[in-house]
Protein chains: 2
Amino acid sequence: MQIPTPHALAKCDDCPIRHRAVCARCEPNELQSLEEIKYYRSFEAGQTIIWSGDKMGFVGSVVSGIATLTQTMEDGRTQMVGLLLPSDFVGRPGREGAPYDVVATTDIVMCCFRKKPFEQMMAATPHIAQRLLQMTLDELDAAREWMLVLGRKTAREKIASLLSIIARRDASVSPNGAQSPMVFDLPLTREAMADYLGLTLETVSRQMSALKKDGVIRLEGKRHVTVPDMCRLMEEAGDDSDGGFLV
Amino acid sequence: MQIPTPHALAKCDDCPIRHRAVCARCEPNELQSLEEIKYYRSFEAGQTIIWSGDKMGFVGSVVSGIATLTQTMEDGRTQMVGLLLPSDFVGRPGREGAPYDVVATTDIVMCCFRKKPFEQMMAATPHIAQRLLQMTLDELDAAREWMLVLGRKTAREKIASLLSIIARRDASVSPNGAQSPMVFDLPLTREAMADYLGLTLETVSRQMSALKKDGVIRLEGKRHVTVPDMCRLMEEAGDDSDGGFLV
DNA sequence: TGAGCCACTTGATCTGCGTCAAGGTTGATG
DNA sequence: CATCAACCTTGACGCAGATCAAGTGGCTCA
């Protein structure tokens with residue numbers, strides 16, 4: 001597994017893997033401080049990174065791989081409440097415990113900072129707190145957008161919404177951008193998709209088949225998706241918004 | 001309408017109406033700067049405070065009354081994504097437009113700061129950005145808790161969850177705290193409850209009747225609710241969490 | 001080569017909630 | 001006091017999606 005250079009991670013928006021908590025505008029001595037408290041952790045697919053309620057001694061960014069945030073009721077019903085893709089930030093400066101399980105769904109590498117020193121640094125470096133505020137506002141927007149999906153959309157619209165989010169998120173990373181046709185690999189099992197969408201895995205499977213039959217998507221194997229026409233997909237999602245920041 | 005004194009609003013956690021964006025720890029000159037950019041606005045029940053997409057030139061706190069954040073699809077389906085009760089913060093420092101409609105559901109008074117000067121002040125006063133970050137994390141937790149409600153709970157559980165949230169929120173304000181039996185007035189119509197819960201108003205009405213028949217709640221009129229046993233209500237809500245910060 | 005497992009698909013049936021429709025209650029207004 | 005409009009309740013019925021169940025394809029491992 002190749003680890004990106006510290007330098008690349010210290011950059012922000014203009015870097016393919018944006019370590020968005022910190023920023024190219026940092027002074028050299030700030031970057032130096034970050035270097036000193038930085039380390040890498042990797043997890044295998046299926047491993048739980050943090051259990052709900054546990055203390056979380058670090059904050060960090062996803063370097064590669066996928067993780068999910070999930071909540072579980074006593075009787076086992078689960079709802080995914082967040083999807084962490086590369087460059088996404090994890091952690092809650094100023095908070096003790098984690099409010100939900102964080103689970104690696106693929107092998108994953110994270111770039112972490114020990115929490116205490118990071119918090120001290122945040123207190124001393126105003127623009128880091130402001131940057132985190134902006135990122136948290138983004139997450140809040142995504143969560144609220146998702147509330148509309150969960151509360152008001154049909155199963156077919158839910159699937160189309162999820163595909164559209166993953167496709168767009170993928171496009172923002174890939175070198176050729178948002179070209180039709182879009183091609184990507186689903187990072188989630190049918191069950192994980194169901195947990196994200198408040199559906200059962202059978203319904204997910206049926207709706208995927210229906211979208212395929214209707215030519216909205218093509219499927220090679222179970223995970224490799226081709227979207228011949230993104231506009232069509234977004235219509236199916238009931239999405240008029242021209243691509244708000246979703247996940 | 002009696003307006004609270006500026007002094008009360010400038011306090012934070014220990015104040016009954018916590019103007020949580022600022023804080024008792026502010027220096028006198030910071031408070032003075034806040035005074036200079038502060039003003040009050042009131043709206044009538046039903047009035048839209050901000051339309052989705054419009055520029056929002058202020059940030060502020062709810063002083064009295066209730067407002068909702070709602071998202072709407074082209075075909076008219078709507079989902080409430082936030083409920084603003086007294087002391088809640090509205091606004092997105094560093095952002096231009098509003099991502100959803102903000103609607104007054106009762107007559108409402110807000111204490112506002114013009115956005116530009118507030119942002120400047122935030123840049124100059126690190127602890128304000130940190131305080132806003134904490135508040136935004138709270139909102140994010142609430143939104144994610146709500147995703148579980150929307151995605152996985154039954155209609156009956158949804159209603160019980162909403163009642164439990166409002167009751168607890170009410171208790172944290174009222175002088176006698178969370179005593180059983182709890183008594184409060186629903187600040188929402190059946191339709192607004194439905195929009196919050198991803199249900200129809202008929203289903204809300206039916207489930208309210210069912211909870212009443214089963215003795216979980218008592219109703220005088222349509223809005224005045226008595227909860228003889230909060231534990232019972234929280235069981236109905238499927239809530240094991242001992243009262244996380246929800247709305 | 002075959003056994004076993006996992007992720008997924010597909011079918012049959014059931015049910016919770018939406019939809020449509022008909023009242024009931026309350027409070028404001030002339 | 002009558003009228004009207006919100007707001008709410010209740011019933012009958014239908015359907016989207018859950019549930020239960022059987023089967024498929026591809027992978028690993030012996």
Side-chain angles (χ1 to χ4, degrees), chain A residues 44-46 66 68 73 75-79 105-106 149-163 185-214 217-225 236 238, chain B residues 44-47 66 73 75-79 103 105-107 149-163 185-214 217-225 236 238:
Chain A
E44 288 172 26
I66 312 266
T68 62
M73 295 171 66
D75 59 9
R77 283 178 279 178
T78 69
Q79 175 68 49
T105 56
T106 64
V149 173
L150 287 171
R152 293 302 185 192
K153 290 195 180 179
T154 64
R156 185 182 174 107
E157 287 168 336
K158 285 178 175 180
I159 298 286
S161 298
L162 179 57
L163 293 176
D185 283 302
L186 273 176
L188 302 173
T189 66
R190 300 287 186 264
E191 187 177 19
M193 293 172 69
D195 279 345
Y196 208 152
L197 297 166
L199 298 170
T200 59
L201 69 91
E202 293 95 329
T203 299
V204 171
S205 183
R206 270 186 255 274
Q207 296 299 335
M208 289 287 287
S209 301
L211 288 174
K212 179 182 169 188
K213 186 163 70 65
D214 298 346
I217 58 172
R218 260 173 274 141
L219 278 174
E220 283 124 52
K222 288 138 192 333
R223 301 288 193 89
H224 193 75
V225 180
E236 290 284 350
Chain B
E44 290 171 25
Q47 213 176 337
I66 311 264
M73 295 173 65
D75 59 9
R77 282 177 280 177
T78 69
Q79 175 66 49
V103 182
T105 56
T106 64
D107 291 350
V149 173
L150 287 171
R152 294 300 184 193
K153 291 194 179 179
T154 65
R156 185 181 174 106
E157 287 168 336
K158 286 179 175 181
I159 298 286
S161 298
L162 179 57
L163 292 176
D185 283 303
L186 272 176
L188 302 172
T189 65
R190 299 287 186 265
E191 187 178 17
M193 293 172 69
D195 279 344
Y196 208 152
L197 297 166
L199 299 170
T200 59
L201 69 93
E202 292 95 330
T203 299
V204 171
S205 182
R206 270 185 256 273
Q207 297 299 334
M208 289 288 286
S209 300
L211 288 174
K212 179 181 167 186
K213 186 164 69 66
D214 298 345
I217 58 171
R218 259 172 275 142
L219 279 173
E220 282 125 53
K222 290 139 192 329
R223 300 288 192 90
H224 193 74
V225 181
E236 290 284 352

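A note on names: the letters A, B, ... follow the listed sequences, proteins ahead of strands, and every chain is numbered from 1.
Separating the CG atom of B:Leu197 from the P atom of C:dG16 is a distance of 18 Å, rounded to the nearest angstrom. For the pair A:Glu191 CD and D:dA18 P, the computed distance is 13 Å after rounding to whole Å. Spacing between atom CZ of B:Arg206 and atom C1' of C:dA21 amounts to 11 Å, rounded to whole angstrom units. Counting to the nearest Å, the P atom of C:dG18 and the CG atom of B:Leu201 are 10 Å from each other. Taking atom NZ of A:Lys222 as the reference point, atom C1' of C:dC6 lies 10 Å away to the nearest angstrom. Across the protein-nucleic acid pair, A:Glu202 atom CD and D:dA21 atom C1' stand 10 Å apart, rounded to whole Å. Atoms CE (A:Met193) and C1' (C:dT9) sit 14 Å apart, rounded to a whole Å. One can place CG of B:Leu150 at 17 Å from C1' of C:dG16, the figure rounded to the nearest angstrom.
Among the atoms of the strands shown, none is found under 4.0 Å from any heavy atom of B:Gly46. Residue B:Arg223 is in sugar-phosphate contact alone, with no base atom involved, counting any heavy-atom pair closer than 4.0 Å across all strands shown.
Comparing B:Leu199 and A:Val204 along DNA chain C, the residue whose closest nucleotide (by nearest heavy atom) sits nearer the 5' end is A:Val204.
Phosphate proximity of D:dA6 to B:Thr189: absent, as no side-chain N or O sits under 4.0 Å from OP1 or OP2. Here A:Arg190 reaches the OP1 or OP2 of C:dT9: one of its side-chain N or O atoms lies under 4.0 Å away. Taking only side-chain nitrogens and oxygens, B:Ser205 comes nearer than 4.0 Å to OP1 or OP2 of D:dT9.
For CD of B:Glu220, the number of neighbouring non-hydrogen atoms (other residues, nucleotides, ligands) closer than 6.0 Å is greater than 12. Other residues, nucleotides and ligands place no more than 12 heavy atoms under 6.0 Å from the CD atom of B:Glu191.
In this structure a side-chain-to-backbone donor-acceptor pair under 3.5 Å is present from A:Arg77 to B:Arg152. Between the A:Ser205 side chain and the A:Leu201 main chain, no donor and acceptor come within less than 3.5 Å of each other.
Contact check for A:Glu236 versus A:Asp214: no side-chain heavy atoms found under the 4.5 Å cut-off.
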